[in-house]
Amino acid sequence: MASYGFLFGCVFSVGAFYLRSPTKKSIAPSSASSPTSPSSASSSIDAAISNLRTHFGDRASICLSTDATDLESKGFSSWCQHAASLPSVVAFPESTDDVVAIVNAARNHGVPLLPFAGGTSLEAHWYAPRFEGEGESGETRPSISVCFERMAEILEVDEENGMARVQPGVGWQDLNEELKERGSRLFWPIDPGPGACFGGMLATGGSGTGAVRYGTMKGELVLNVTVVLPSGKVIKTRSDARKSSAGPDLTRLFLGSEGTLGVITEATLRLVPRLEESVTTVSFPTVEDASKAARAVLYKGIAVSSVELLDEVMIRSINQASSQTGSSSRQPLAEQPSLFLKFAGSSPANVKEDQRMAREVVLEHKADPATLRISSSPQEVEELWEARKVALWSAMASREGKEEGKGQPRAWTTDVCVPVARLPDLVRRLKADVAEHGLFAPIVGHVGDGNVHAIFVYPDGDSEELAAVTESVHRMVEWAQQLGGTCTGEHGVGRGKREFLEAELGSGTLGLLREIKGLIDPEGVMNPGALLPPKGSERRGEQGSPLAKHAT
Ligand SMILES: Cc1cc2nc3c(=O)[nH]c(=O)nc-3n(C[C@H](O)[C@H](O)[C@H](O)COP(=O)(O)OP(=O)(O)OC[C@H]3O[C@@H](n4cnc5c(N)ncnc54)[C@H](O)[C@@H]3O)c2cc1C
């Protein structure tokens, strides 16, 4: 595994790692077993591959692969805690028609289909399913991974209407690069993990640091999606109009569906104006104080585009990492809970005024004036915000090479989200729990949304510490649900959190979700194992969430 000190300086090269350029593929005979049982030999996957080989014809060598590296990259991510589970074959469609052929082959032969875009999701979203009832150690079901690296075209940028049309393999960073190169005054504001692509972003319904201003992938910025349904039919969910009252919103049925309802092959997005930016960082005696100050800034109507909270453990990690690598000219930050505020406005004067008002508000809310830093140039914006951007790598670097005989650090990034004023309560419980169990979990939160990531860092291969981390993560989810919140603010459910869904949604809502799945995908080929818990595996918190109590 790479050194996190090295990664610290290379945040933006990660996208390039995930988005590999198209390469030659080879197809080898498969040794797949039956789709219904591990023991009964079946030719389902071979028949499906044979269909696909016929469909792709001359293109099979580039559009189908069983190369070990391709299979491994579609069945394991070091960001996930689940055991690797590889597909049998990877298909690389080049068009919606190709996707229709892949879906038909999968459905006709009862083979699971696993869409894969940037591969940055954190909850084993696209891992191959295992035979039902066999748990994590059961045999992997033969399956087809569908990778969109050959459907990575920006189909249209419509500057006049403020829209872009993209294929699922386009990365959000690539779209912004392209807009910049064209000299556009517009950009795409939702910024999940480096390397994430629109197919996965739409299917997880995630967000990023700008959600407090621009919303999430489930918001108004997604106008419509084109979807290949499990039946093989192709639909576009609605028109390109800014708003539409024509019936229920089917676009949003697919946002957050995690590849379980169909394959998204195109999306029409709204772009937003690129604005003047500035950054303020400031520290507080406690997380409660910082959180109250953040709410006061928001409720004053100040035009912030991000309000991020970093606890003192995270700030310490950032200071240590930057002093070790010497990669930053920034002064060390005060090792106290801190807010990182980003302002965005139509002119430097507007931004300056917002910054002035925010300064007043935070000082009224116990901010330490000696720690206040306000950017006064684009270079300072970059410098101050850089500390926020390197938080994850810094947290991991904190444990790198520190304990003799232990493995490289791995991270488990939690993602609970609660009503904003309840965040301090959650963070207090979490920090006490982490301390009690001797764990290491610096915190970074999108405090403006009530979304908090505790980044549990543990040594690879240390099963005892991993077990303690797992328990702590699960307690955190249950507390969030009891506080009226969710197990996931933006990363999605995948295979990691599906057991918590009933406690959160209630059996009625989960039942409806199952009915919708049954209606759209009666053969159950679309990403089985993601999102919906296998029946009987649901986990109920001691008290359950208020929503579940109300709904059941
Ligand atoms: C360092 C790091 C930081 C991160 N920060 C954030 C953050 O701030 N906010 C946030 O929201 N997330 C964050 N994430 C998580 C991740 O980036 C997001 O979940 C992202 O939206 C996933 O996009 P992807 O292209 O990588 O999807 P993938 O991992 O490829 O897939 C995700 C899901 O989408 C499905 N899918 C993919 N393509 C399609 C398609 N065409 N049709 C139907 N289903 C499809 C897959 O089957 C899977 O279920 C972070 C991850 C990392 C590693």
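We count ligands from 1, going down the list as the structure has it; atoms in each ligand are counted the same way. Only this structure's heavy atoms are used, side chains among them; waters, hydrogens and symmetry mates stay out.
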> Is it the side chain (CB and beyond), the backbone, both or neither of N527 that lies under 4.0 Å from ligand 1, heavy atoms counted?
side chain

> Hey, is S121 touching ligand 1 through its side chain, its backbone, both or neither, going by heavy atoms under 4.0 Å?
both

> Under 4.0 Å from a heavy atom of C197: give me the atoms of ligand 1 that qualify, with their elements.
24 (P), 25 (O)

> Any Lys/Arg nitrogen of E139 or R130 sitting under 4.0 Å from an Asp/Glu carboxylate oxygen of the other?
no

> Just go through I264, V225, V146, D191 and tell me whose heavy atom is the nearest to atom 41 (N) of ligand 1.
I264

> Do any nitrogen or oxygen atoms of V263 lie less than 3.5 angstrom from nitrogen or oxygen atoms of ligand 1?
no

> Would you sort out whether E308 and H446 count as a side chain to side chain donor-acceptor pair (under 3.5 Å), showing the intermediate values?
CA-CA 5 Å; E308 301 285 288; H446 309 305; 2.8 Å; yes

> Tell me the nearest of C80, A124, G193, S145 to atom 3 (C) of ligand 1, using heavy-atom distances.
G193

> With only distance considered, is G118 within less than 3.5 Å of ligand 1 through an N or O on each side?
yes

> By number and element, which atoms of ligand 1 are closer than 4.0 Å to a non-hydrogen atom of G206?
11 (O)

> Considering both backbone and side-chain atoms of H446, is one of its nitrogen or oxygen atoms within less than 3.5 Å of a nitrogen or oxygen in ligand 1?
no

> For ligand 1, is G208 a contact, meaning one of its heavy atoms is under 4.0 Å away?
yes

> Can we say E94 and R59 salt-bridge, meaning some charged N sits less than 4.0 Å from an Asp/Glu carboxylate O?
yes

> N/O of E258 under 3.5 Å from N/O of ligand 1, yes or no?
yes

> Would T204 count as a contact of ligand 1 if the rule is a heavy atom under 4.0 Å away?
yes

> Number the atoms of ligand 1 from 1 as they appear, then name those within less than 4.0 Å of a heavy atom of H125, with their elements.
48 (C), 49 (O)

> Taking salt bridge (Lys or Arg N to Asp or Glu O under 4.0 Å) as the definition, give me every residue that meets it alongside K517, ordered by chain and number, with sequence neighbours left out.
D521

> For M201, take its heavy atoms, then give the atoms of ligand 1 lying under 4.0 Å from any of them.
21 (O), 23 (O)

> Between atom OG of S143 and atom NZ of K74, what is the distance when rounded to the nearest 0.5 Å?
12.5 Å

> Relative to the heavy atoms of P168, which atoms of ligand 1 are at a distance of less than 4.0 Å?
41 (N)

> Just by distance, no angles: are the side chains of S317 and S394 close enough, under 3.5 Å, to form a donor-acceptor pair?
no

> Based purely on interatomic distance, does T209 place a nitrogen or oxygen under 3.5 Å from a nitrogen or oxygen of ligand 1?
no

> Checking T488 against D415: is there a side-chain donor and acceptor pair closer than 3.5 Å?
yes

> Determine, step by step, whether T237 and T251 satisfy the side chain to side chain donor-acceptor pair (under 3.5 Å) criterion, reporting the C-alpha distance in whole Å, the side-chain angles of both residues, the deciding distance to 0.1 Å, and the verdict.
CA-CA 5 Å; T237 49; T251 307; 2.8 Å; yes

> Could you tell me whether R399 and E465 have a side-chain N and a carboxylate O separated by less than 4.0 Å?
yes

> Of the listed options (G200, G210, A411), which comes nearest to atom 37 (C) of ligand 1 when hydrogens are ignored and any heavy atom counts?
G200

> Would you say the side chains of E499 and H474 form a donor-acceptor pair under 3.5 Å?
no

> As a check for students: among G492, G489, A203, identify the option with a heavy atom nearest to atom 34 (O) of ligand 1.
A203

> Does R165 have any salt bridge (Lys or Arg N to Asp or Glu O under 4.0 Å) partners at least two apart in sequence or in another chain, and if so, which?
E156, E266

> Just going by heavy-atom distances, which of Q167, H491, E123 is nearest to atom 12 (N) of ligand 1?
H491

> What atoms of ligand 1 come within less than 4.0 Å of a heavy atom belonging to G259?
43 (C), 44 (N)

> Counting from 1, what ligand 1 atoms have a heavy atom of L392 closer than 4.0 Å?
1 (C)

> Could you go step by step and tell me if E220 and R270 meet the salt bridge (Lys or Arg N to Asp or Glu O under 4.0 Å) rule?
CA-CA 8 Å; E220 297 281 322; R270 266 180 70 175; 5.0 Å; no

> Under 4.0 Å from a heavy atom of G262: which atoms of ligand 1 are those, numbered in the order shown and with their elements?
43 (C)

> For V89, which of V146, I144, D67 qualifies under side-chain contact (heavy atoms from CB on, under 4.5 Å)?
I144

> For ligand 1, find out whether one of its N or O atoms is nearer than 3.5 Å to an N or O atom of P194.
no

> Mind checking whether F148 contacts ligand 1 via backbone (N, CA, C, O), side chain (CB onward), both or neither, at a 4.0 Å heavy-atom cut-off?
side chain

> Check each heavy atom of F198 against ligand 1 and say whether those closer than 4.0 Å belong to the side chain, the backbone, both or neither.
neither

> Give a yes or no on whether the backbone of L186 and the side-chain of R274 come within a donor-acceptor separation of less than 3.5 Å.
yes

> Between E523 and R107, does any side-chain N to carboxylate O distance fall below 4.0 Å?
no

